[in-house]
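Take a look at the structure below.
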2 protein chains.
Amino acid sequence: MSLSYALLAALCDRPCSGYDLAKQFQGSVGYFWSATHQQIYRELHKLEDLGWINATEVSQDGRPDKKVFSVTPLGCDRLRQWISTPHDLPVTKDEILVKVFAGYLVPSSVLVGQLRHCQQQHQARLEVYQDIEAQFFQHLPPEPNHRHFAYLTLKRGISFTQEWIRWCEETIVWLEKYLS
Amino acid sequence: MSLSYALLAALCDRPCSGYDLAKQFQGSVGYFWSATHQQIYRELHKLEDLGWINATEVSQDGRPDKKVFSVTPLGCDRLRQWISTPHDLPVTKDEILVKVFAGYLVPSSVLVGQLRHCQQQHQARLEVYQDIEAQFFQHLPPEPNHRHFAYLTLKRGISFTQEWIRWCEETIVWLEKYLS
DNA sequence: GGTGCCATGTAACGAGTTACATGATTGG
DNA sequence: CCAATCATGTAACTCGTTACATGGCACC
């Protein structure tokens with residue numbers, strides 16, 4: 001199952017605790033792969049049983065202890081295998097598209113409202129992406145390292161979000177032109 | 001749950017049987033909302049119990065009988081309400097992004113192979129979209145009707161698929177330039 | 001006579017979500 | 001003292017997938 005591999009990929013980048021992972025997967029990384037903390041803890045136990053990751057107890061002062069997980073050589077190997085296996089395209093289920101598809105059922109102002117809402121959310125997301133870009137990827141060294149790979153995925157996030165905003169705009173313009 | 005509304009939207013467009021819906025949701029419509037026939041039949045029973053749709057037995061010759069479902073006024077109303085309710089952006093879980101994110105773990109040729117695979121699948125999808133465009137949306141009347149709404153969603157499909165292809169290409173070029 | 005399409009379902013399982021639960025510490 | 005953050009978990013439920021099941025007709 002793919003969540004395992006997303007977790008392995010995150011832990012390969014940097015070992016961390018379930019809590020840390022949950023935060024990442026709800027923040028920026030969550031824009032292309034999300035999971036709740038319940039799912040993550042459950043999955044981490046499985047991966048530990050499989051011997052793909054192992055935990056180190058880290059006691060902190062002023063904070064609860066935590067278990068920091070690292071990927072084992074076996075886990076890393078399984079991740080490599082998975083990366084090398086072709087997969088089909090994922091299905092994206094998008095409520096806004098269903099709304100537009102059946103948009104003739106509601107007043108155009110209502111549909112425009114939904115599209116604006118969608119556009120604003122993408123706008124907010126875009127700003128998060130651009131902040132990340134400015135903070136972490138502005139001054140990448142010319143010789144390729146593993147940060148560059150993360151940057152390639154961020155760039156997809158940026159261009160897709162921009163494309164969303166453009167499509168929302170175009171659709172709103174059409175609706176206002178023909179249905180007002 | 002959203003599958004209900006996707007089904008209502010499809011049935012509002014044109015009443016049909018579970019089998020018909022399953023075909024639609026595995027073909028072109030399935031590129032932005034998918035469901036298997038098992039899910040669809042289960043959901044149709046629920047919607048019938050709720051009184052949001054009702055069935056008419058249609059006996060055919062040379063073929064098994066079928067149940068054609070239509071949306072009731074109540075169902076239509078619920079769909080309108082749902083359309084008018086704001087929703088959060090859906091999460092897209094994309095394996096290829098996880099692969100690129102952890103792409104430093106495998107030889108660049110392997111990653112390029114995965115990207116080419118992804119690009120080809122999007123290319124095939126684009127051709128399906130463009131066929132649909134040519135067949136059904138080439139000669140839309142100037143006055144807006146409900147076909148136009150479907151066309152707006154198709155246009156999103158086209159531009160996103162093109163953006164995918166572009167991103168794959170860009171990423172492949174980068175990988176080949178710096179890691180060969 | 002076999003393959004494939006039409007048509008509808010059940011059963012079991014795995015993935016994902018929501019609610020509930022605990023307990024320490026830091027900062028206002 | 002109250003809220004927020006750190007940190008980890010269980011339980012119940014819904015959604016989605018895979019496998020299994022049936023049966024007739026059409027076409028080669």
Side-chain angles (χ1 to χ4, degrees), chain A residues 1-8 11 15-27 29-30 32-50 53 55-69 82 87-95 98, chain B residues 1-8 11 15-27 29-30 32-50 53 55-69 82 87-95 98:
Chain A
M1 174 251 169
S2 303
L3 174 57
S4 318
Y5 299 100
L7 290 172
L8 286 176
L11 292 175
C16 50
S17 67
Y19 188 85
D20 293 333
L21 287 167
K23 262 202 307 187
Q24 282 179 247
F25 278 65
Q26 274 160 18
V29 175
F32 70 85
W33 202 287
S34 82
T36 58
H37 81 272
Q38 293 86 342
Q39 246 183 303
I40 289 168
Y41 283 118
R42 199 162 51 182
E43 205 67 28
L44 287 173
H45 288 305
K46 274 195 222 167
L47 292 175
E48 208 181 358
D49 289 346
L50 286 168
I53 59 175
T56 322
E57 293 266 347
V58 175
S59 50
Q60 307 174 105
D61 37 81
R63 284 183 189 184
D65 295 358
K66 63 177 177 179
K67 283 198 268 181
V68 172
F69 293 93
W82 178 83
H87 289 99
D88 286 337
L89 300 181
V91 200
T92 29
K93 300 186 177 179
D94 223 310
E95 280 147 346
V98 177
Chain B
M1 175 250 171
S2 303
L3 174 57
S4 318
Y5 299 101
L7 291 173
L8 286 175
L11 292 175
C16 51
S17 68
Y19 187 85
D20 293 332
L21 288 166
K23 262 202 308 188
Q24 283 181 246
F25 278 66
Q26 273 161 19
V29 175
F32 70 84
W33 202 285
S34 81
T36 58
H37 81 273
Q38 294 86 344
Q39 245 182 302
I40 290 169
Y41 284 118
R42 198 162 54 183
E43 206 65 28
L44 288 172
H45 288 305
K46 274 196 222 167
L47 293 175
E48 208 181 358
D49 289 346
L50 286 168
I53 59 176
T56 321
E57 292 267 345
V58 175
S59 52
Q60 308 175 106
D61 40 79
R63 284 184 188 183
D65 295 358
K66 63 177 176 180
K67 282 197 270 181
V68 172
F69 293 93
W82 178 82
H87 289 98
D88 285 337
L89 300 180
V91 200
T92 29
K93 298 186 177 177
D94 223 309
E95 279 148 347
V98 176

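A note on names: the letters A, B, ... follow the listed sequences, proteins ahead of strands, and every chain is numbered from 1. Computed from a predicted structure; not experimentally measured.
- Distance I40(B) CD1 to dT18(D) C1': 15 Å, rounded to the nearest Å.
- In this structure, Q39(A) has no side-chain hydrogen bond (donor to acceptor under 3.5 Å, both in side chains) partners at least two apart in sequence or on a different chain.
- Partners of H37(B) by side-chain hydrogen bond (donor to acceptor under 3.5 Å, both in side chains), not counting sequence neighbours: none found.
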5' to 3', nucleotides 11-22 of chain C under a 4.0 Å protein heavy-atom cut-off (B base, S sugar-phosphate only, - none) gives ----SBBBB---

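- To the nearest 0.5 Å, atom CZ of residue F25(B) and atom CG of residue L3(B) are 6.5 Å apart.
- OP1 or OP2 of dG9(D) has at least one side-chain nitrogen or oxygen of K67(A) nearer than 4.0 Å.
- Using a 4.0 Å cut-off, no side-chain N or O of H45(B) falls inside it from OP1 or OP2 of dT8(C).
- Not a single side-chain hydrogen bond (donor to acceptor under 3.5 Å, both in side chains) links D94(B) to another residue, sequence neighbours left out.
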Working for side chain to side chain contact (heavy atoms under 4.5 Å, CB included), residues K66(A) and D20(A):
CA-CA 10 Å; K66(A) 63 177 177 179; D20(A) 293 333; 4.0 Å; yes

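- Straight-line distance from the NZ atom of K23(B) to the C1' atom of dA7(C): 11 Å, rounded to whole Å.
- Taking atom NZ on K66(A) and atom P on dG9(D), their separation rounds to 14 Å, with Å as the unit.
- Going from atom CD of E57(B) over to atom C1' of dG9(C) covers 14 Å, rounded to whole Å.
- Comparing the local axis fitted to the first five base pairs of the helix from dG1(C)-dC28(D) to dG28(C)-dC1(D) with the one fitted to its last five gives a bend of 30°, rounded to 10°.
- Look at Y41(B) and you'll find a side-chain N or O under 4.0 angstrom from OP1 or OP2 of dT8(C).
- Looking at residues two or more places apart in sequence or on another chain, you find a side-chain contact (heavy atoms from CB on, under 4.5 Å) between K93(A) and W33(B), S34(B).
- Between the CG atom of L44(A) and the OH atom of Y41(A) there is a distance of 8.0 Å, given to the nearest 0.5 Å.
- Summarising the geometry, the separation between CD on Q26(B) and P on dC6(C) is reported as 12 Å, rounded to the nearest angstrom.
- In this structure, D20(A) atom CG and dC6(D) atom P are separated by 9 Å, rounded to whole Å.
- Relative orientation of the W82(A) and H87(A) rings is tilted, given thresholds of 30° and 60° on the angle between their planes.
- Between dT8(D) and S17(A), a contact under 4.0 Å exists linking OP1 or OP2 to a side-chain N or O.
- Residue Y19(B) places none of its side-chain N or O atoms closer than 4.0 Å to OP1 or OP2 of dT8(C).
- Note that the CD1 atom of I53(A) and the CD atom of E43(A) stand 9.0 Å from one another [nearest 0.5 Å].
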